[in-house]
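Heads up, the thing below is written out as structure tokens.
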Amino acid sequence: MADVKKFMYVNRKAPYGTIYALESLEVVLIGAAFDQDVSLAFVDDGVYQLTKDQDTTGVGIKNFSKTYSALGDYEVSKIYVDQESLDERGLTLDDLQHLVWEDEDDDWAEKDSIRVLSRAEMADLFEEQDVVLSF
Amino acid sequence: MAMLHTVNKSVFERSTLDSCISMAKAGSSILLIEDGVVSAIAGTAAADRISKAMENISFYVLGPDLRARGMSEDRVIDGIKVVDYEGYVDLTTEHDNIQSWL
Amino acid sequence: MSFEVNGKTFETDEEGYMVNLLEWEPGCAEAMAKLEDQPLTDAHWEVINFLREYYDEYQIAPAVRVLTKAIGKKLGKEKGNSKYLYELFPYGPGKQACKYAGLPKPTGCV
């Protein structure tokens with residue numbers, strides 16, 4: 001598969017206030033069918049998309065945060081979170097959902113999908129991509 | 001002549017809240033709604049700025065929008081009151097006029 | 001478009017998917033299957049119930065290959081393959097089973 005490209009979806013908006021977070025998630029799920037090397041980055045207010053215990057009953061919008069747990073089934077296993085963005089918002093990894101994927105080559109062992117990166121590491125990762133889609 | 005200001009943008013993404021704070025008169029109120037609710041969280045890079053503004057402006061945050069983003073009431077900066085939709089309506093009637101910052 | 005179950009009307013979109021998935025009841029699956037001359041056996045129900053649980057947990061209708069893999073894991077390898085699922089749902093396990101389960105059309109399905 002020589003034509004596999006590195007696709008990164010960069011998420012920078014809080015969920016529900018705008019449509020960006022949901023649109024990104026839908027594009028990721030659709031795009032997952034194309035067997036590319038996919039990763040997701042959560043930067044700036046995008047980190048709020050991954051918070052656990054989201055409860056949308058009061059705002060009457062579907063709680064699509066549950067769908068992030070399905071990303072592993074879609075073979076999306078690389079989720080990068082910017083440390084500085086967490087710090088700036090008084091958040092820690094513990095405030096985020098625990099997302100996992102199952103490694104087929106390792107007897108389906110459950111592995112963590114989320115990796116917290118420094119801004120410099122995130123910048124390096126951007127550089128490595130063939131395609132960057134920004135939401 | 002107390003005015004109610006509503007702000008629906010995150011303080012980390014737009015300068016809307018800072019503009020609102022700089023133009024809101026003493027004795028007026030700011031209600032944080034939609035993505036604006038993340039500005040109400042304690043321990044953020046913006047919390048000191050907001051605490052300072054609270055010396056002469058009353059701050060409120062809309063609870064349902066807070067919970068939708070996974071933030072519980074106990075994470076809000078001390079002194080910011082959490083209101084529901086009914087409280088939102090009460091605020092609009094208690095103030096003389098409203099400015100919706102977009 | 002719409003269909004009826006015991007005198008109650010359920011609205012569907014132009015492709016026959018239920019508009020309000022909260023209204024779903026088992027009778028809806030039977031009624032929609034009947035419209036397509038598709039008998040529902042226990043094997044069909046196993047997939048329909050699986051899809052409803054999947055939606056409840058993840059808030060999406062899974063893509064066919066995701067469904068196939070997940071069924072294999074939950075119900076056994078002999079069921080987690082396209083042949084088995086297409087024999088049950090000749091119009092496509094994603095499209096047809098999701099419809100009977102009251103779910104939206106799978107994301108990315110055209």
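Sequence lines set the chain letters: A, B, ... in the order given, protein chains first and strands last, and positions in each chain run from 1. Just so you know, these numbers come straight off a predicted model, no measurement behind them. Heavy-atom basis, side chains included; hydrogens, waters and symmetry copies ignored.
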Would you name the heavy atoms of A70(A) and Y54(C) that are closest together and state the gap between them? CB-OH, 3.7 Å
Surrounding [atom1] of [X] (heavy atoms of other residues, nucleotides or ligands, distance under 6.0 Å), is the total greater than 12?
{"X": "E4(C)", "atom1": "CD", "result": "yes"}
{"X": "D106(A)", "atom1": "CG", "result": "yes"}
{"X": "Y91(C)", "atom1": "OH", "result": "no"}
{"X": "N6(C)", "atom1": "CG", "result": "no"}

Where on A63(C) is there a heavy atom nearer than 4.5 Å to chain A: the side chain, the backbone, both, or neither? both
Roughly how far, to the nearest 0.5 Å, is NZ of K62(A) from CD1 of I60(C)? 8.0 Å
If a pair satisfies side chain to side chain donor-acceptor pair (under 3.5 Å) and one of its residues is in residues 19-30 of chain A, list it, with sequence neighbours excluded. N11(A)-S24(A)
Name all pairs fulfilling the side chain to side chain donor-acceptor pair (under 3.5 Å) condition that reach into residues 56-69 of chain C, sequence neighbours left out, sorted by first residue then second. E75(A)-K69(C)
Output side-chain donor-acceptor pairs under 3.5 Å for residues 115-125 of chain A, partner residues at least two apart or in another chain, one line each.
unit_1  : atom_1 : unit_2  : atom_2 : d
S118(A) : OG     : E121(A) : N      : 3.2
S118(A) : OG     : E121(A) : OE1    : 3.3
R119(A) : NE     : D82(A)  : OD2    : 3.2
R119(A) : NH2    : D44(A)  : OD1    : 3.4
R119(A) : NH2    : D82(A)  : OD2    : 2.7
R119(A) : NH2    : S85(A)  : OG     : 3.1
E121(A) : OE1    : S118(A) : N      : 2.8

If contact means a heavy atom pair closer than 4.5 Å, which residues of residues 27-37 of chain C contact chain A? none
